[in-house]
Amino acid sequence: MDVTTKATTSIRARLLRILVLALAVLLALLGIAATEQISAYRNASATADNARLEITLQGLVHELQKERGLTTGYVGGVRQFSAKLPAQRKATDAARQQLDLALKGREDSAAGSVRESLGRLDGLDGIRKDADDGTGVVKDTFDYFTTTITVLDRLDLGLGDVHDGTLRDAYQALQVLGNAKEFTGEERAIVLGSVRAGKFRGDDYGRFMEIRAGRLAALDAFPRSATAVQERRLNTALTTPDAERTLAYESKAVHGTGKLKSSVIPPMAWWDATTSTINGMRGVQISLGTDVENRAAQLESSAQRDLLLFLLLALGTVAALGALALDCVRSVSSPLVELAQQAREVAGTRLPQAVAAVQDGSSGAAPQPPARLVVTDRAGAEVREVAEAFDRVQRSAFDLATEQAVLRRNATDSLVSLGRRNQNLVRRQISFINKLEHEDADPATLANLFELDHLATRMRRNAESLLVLAGESSPRPWSTPLAVNDVLRAALSEVEEYRRVTLRRIEPAFVTGSVVVEIAHLLAELVENALSFSPPDSDVEIEGRRTSAGYLVAIVDHGFGMDNQALAEANVRLSGTASFMAEPTRFLGHFVVGALARKCGIEVRLGEAPAAGVVARVLIPAALLTEKAVEAKPSVPAPRKAETDMEPKPEPAVAPMAAKGGSSAARTRNGLVKRPQRSGIAAAVSETDRTDRTTPAAPPNPERTPEQVSGMLSTLRSAHMRGGISVEKEKQQNAETNEGAAK
């Protein structure tokens with residue numbers, strides 16, 4: 001007790017020190033500071049790089065704007081620009097080279113978008129060549145430069161998503177000023193391209209008015225994001241004499257309603273005034289870019305400093321935690337590692353082996369529970385409590401597995417015992433009914449006995465279903481091959497409403513005798529299921545044909561059908577992989593079919609019928625088929641009283657004789673159904689022999705036992721009496737009918 005108390009106190013004290021320091025420092029620093037500082041540093045560093053890239057990009061845009069004005073004016077007829085074009089083209093190319101240097105070594109998304117947009121400059125040489133050789137078109141030249149500048153000017157370099165509000169506002173002001181500057185450059189170029197013609201070309205006047213409106217809107221939006229100092233800079237640039245002359249010339253172009261005269265707006269004067277105004281706006285733009293760059297650099301420096309302080313503090317914290325953790329290793333960590341290793345062995349090996357031994361139970365000896373977990377002496381009280389708790393868990397799991405195994409074994413044994421008992425009782429019942437049928441000659445009584453015989457046959461199938469679910473083999477072995485048509489008849493003899501079953505085209509084939517009983521049972525379950533879920537006035541159709549994979553039997557009903565989810569769940573049950581213990585009892589027939597199909601290697605699937613309802617497809621593999629038919633044996637006599645109850649009794653064959661479509665029942669001349677032999681499978685074989693044999697030959701006289709001779713005579717006497725009674729009844733009915741007609 002003293003050792004336990006001491007260990008408990010020691011572990012708690014150490015854990016408290018670790019938890020207090022870890023939660024206070026690690027959660028505060030690592031959780032908040034690390035995320036924020038690292039993110040701030042990366043954001044600030046990327047912002048600084050993007051700000052420098054933006055300034056360089058605006059330099060290229062400015063040079064393209066100037067070349068656009070000169071080139072458009074030159075193509076439009078202002079030949080004075082021919083001396084200015086070479087120098088401007090060199091300035092544009094130099095700005096392009098500076099931008100390429102700024103992009104060198106960068107692989108981020110902002111640099112990638114700039115590189116992709118620079119591809120539009122590949123057409124610049126063609127525009128220059130067309131201008132030089134006199135084949136240039138004003139509209140095409142203006143559109144090329146304007147579209148290229150717009151693409152470059154509207155690139156998203158990520159500066160609009162920065163966390164710092166001051167930097168974000170400065171970048172927004174830079175973008176707005178860039179738009180105003182671009183609209184001013186477009187005004188300059190569109191007027192120069194049309195002034196020699198004396199009027200705006202095409203719809204250039206409308207475009208001029210739209211461009212002017214865009215410039216005014218951009219200038220109105222500038223104060224919303226700019227500081228007071230930045231706003232004063234722009235006002236100074238827009239109140240110069242050249243800026244006022246630009247506004248005066250612009251007013252003349254606006255009020256000229258599309259007319260432009262060189263005397264009113266001289267091309268060189270318009271170029272000088274607008275270029276001076278744009279250069280002034282460019283100066284404000286450079287100052288804004290410097291503000292953006294300085295703010296980004298300031299944020300980067302601050303984030304770098306904070307990150308360095310955080311790293312130092314984190315290293316100190318880690319060192320302190322390392323010292324505390326080292327103190328706990330010998331008393332907590334090492335024992336827990338050993339305990340975890342043993343727990344993994346229990347979960348992965350010991351407990352599964354013990355549970356498997358319990359569920360097997362073949363040895364007869366009581367299985368031993370898994371060994372208890374062992375902990376070292378230096379382990380603390382908490383570790384020992386964990387080990388004891390785990391021992392209780394594995395003991396409870398072992399006891400529960402033992403209880404479940406016993407319950408499952410008892411349930412299986414009960415199913416087998418109940419199925420055997422019911423089977424024996426039903427076999428004796430069928431034998432007794434058979435005896436009554438041979439002794440009684442009254443047609444009404446015989447009809448009732450036939451129905452009772454059919455009910456008993458169905459009861460026998462239910463008893464065999466219990467044995468199938470319990471994993472037992474069929475108690476009615478069959479050794480000789482049998483035709484598929486006869487197997488279907490044997491299956492129909494075990495369903496209630498067999499008269500609603502229609503046999504369509506059944507291609508000839510023979511089933512191996514070792515699986516005849518199982519396939520007949522399987523088909524009976526599917527047919528009864530189809531009859532149960534279809535309207536009482538509709539038929540269930542069966543068709544069989546050979547395929548490359550074996551023999552396919554299709555059972556089609558015309559009911560309401562099933563949705564996709566219900567079909568999927570039913571097919572899982574029919575595959576034989578699901579447990580019938582976890583499903584509602586109304587699906588037991590599916591589990592019986594699944595168990596039989598899995599045992600014989602047969603594939604059973606449900607699907608939607610072509611018109612309405614459900615079709616069950618049963619694919620019998622080629623390995624279960626044979627091409628050789630075996631002659632049917634003589635009628636099997638009823639079992640003698642000396643025979644044991646476990647000996648299988650032949651099946652009744654009433655139902656398959658009455659099924660429609662190729663299986664019409666044989667009748668006497670008085671309309672009575674002929675009573676076939678007691679075995680459904682044997683009767684099917686015999687019926688096939690009788691119908692298929694075109695030139696019957698007299699069979700040899702077999703040796704018969706006294707019981708067989710007695711049964712034959714009894715059958716002959718019963719048939720004779722039934723025929724006489726039927727004739728008398730028929731005469732009486734005809735007389736009553738004639739008498740009623742005469743009245």
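Only this structure's heavy atoms are used, side chains among them; waters, hydrogens and symmetry mates stay out. Note that the structure is a prediction, hence the values are computed from the model and not measured. Quick note: residue numbers are just sequence positions, from 1.
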Atom CG in N485, atom CG in L503: separation rounded to 0.5 Å?
-> 6.5 Å
Short question: side chain of R500, backbone of S538 - any donor-acceptor pair under 3.5 Å?
-> yes
CZ on R573 to NE2 on H590, rounded to 0.5 Å | 5.5 Å
Min side-chain heavy-atom separation L619-I602 under 4.5 Å = no
Stepwise, does the side chain to side chain contact (heavy atoms under 4.5 Å, CB included) test hold for V553 with I542?
-> CA-CA 7 Å; V553 178; I542 301 178; 4.0 Å; yes
Could you tell me which non-hydrogen atom of L523 sits nearest to which non-hydrogen atom of A491, and how far apart they are?
-> CB-CB, 3.8 Å
Check side-chain hydrogen bond (donor to acceptor under 3.5 Å, both in side chains) between R617 and all other residues, then give those that pass, not counting sequence neighbours.
-> none
Any side-chain heavy-atom pair from V618 and L552 closer than 4.5 angstrom?
-> no
Flag, side chain of Y551 to backbone of E507, donor-acceptor distance under 3.5 Å | yes
For E603, what residues pass the salt bridge (Lys or Arg N to Asp or Glu O under 4.0 Å) criterion, not counting sequence neighbours?
-> none
Where do V615 and I555 land on the side chain to side chain contact (heavy atoms under 4.5 Å, CB included) test, with the steps shown first?
-> CA-CA 5 Å; V615 55; I555 303 172; over 6 Å; no
Could you check if a side-chain atom of V604 sits within less than 4.5 angstrom of a side-chain atom of N571, using non-hydrogen atoms only?
-> no
Any side-chain heavy atom of V540 within less than 4.5 Å of one from S534?
-> yes
Taking all atoms of both residues into account, what is the closest heavy-atom pair of T626 and P481, and its distance?
-> CG2-CB, 3.5 Å
Residue list, side-chain hydrogen bond (donor to acceptor under 3.5 Å, both in side chains) with T512, at least two apart or on another chain | none
Got a second to check how far R605's CZ is from L574's CG, nearest 0.5 Å?
-> 9.0 Å
Heavy-atom pair of closest approach, residues A597 and L522 | N-CD1, 3.8 Å
Under 6.0 Å from the CD atom of E608, do we count more than 12 heavy atoms belonging to anything else shown?
-> no
Can you list the residues that meet the side-chain hydrogen bond (donor to acceptor under 3.5 Å, both in side chains) rule with S532, with sequence neighbours excluded?
-> none
Nearest-0.5 Å distance, NE2 of residue H521 to CG of residue L596 = 6.0 Å
V495 versus A524, closest heavy-atom pair with distance | CG1-O, 3.5 Å
For V516 and T480 the tightest heavy-atom approach is CG2-O, 4.3 Å
Are the side chains of V501 and D539 in touch, meaning some heavy atoms are under 4.5 Å apart?
-> no
Tell me the salt bridge (Lys or Arg N to Asp or Glu O under 4.0 Å) pairs involving residues 545-558, sequence neighbours left out?
-> R546-E627
Looking only at non-hydrogen atoms, find the nearest pair between C600 and L624 and report the distance.
-> O-CD1, 3.3 Å
Spacing of L606 atom CG and L526 atom CG [to the nearest 0.5 Å] = 7.5 Å
Give the table of side-chain donor-acceptor pairs shorter than 3.5 Å for residues 559-570, with sequence neighbours excluded, one pair per line with atom names and distance.
from, atom 1, to, atom 2, distance (Å)
D563, OD1, Q565, N, 3.4
D563, OD1, A566, N, 2.7
Q565, NE2, E569, OE2, 3.3

Hey, what do you get for CG (L482) to CZ (R489), rounding to the nearest 0.5 Å?
-> 10.0 Å
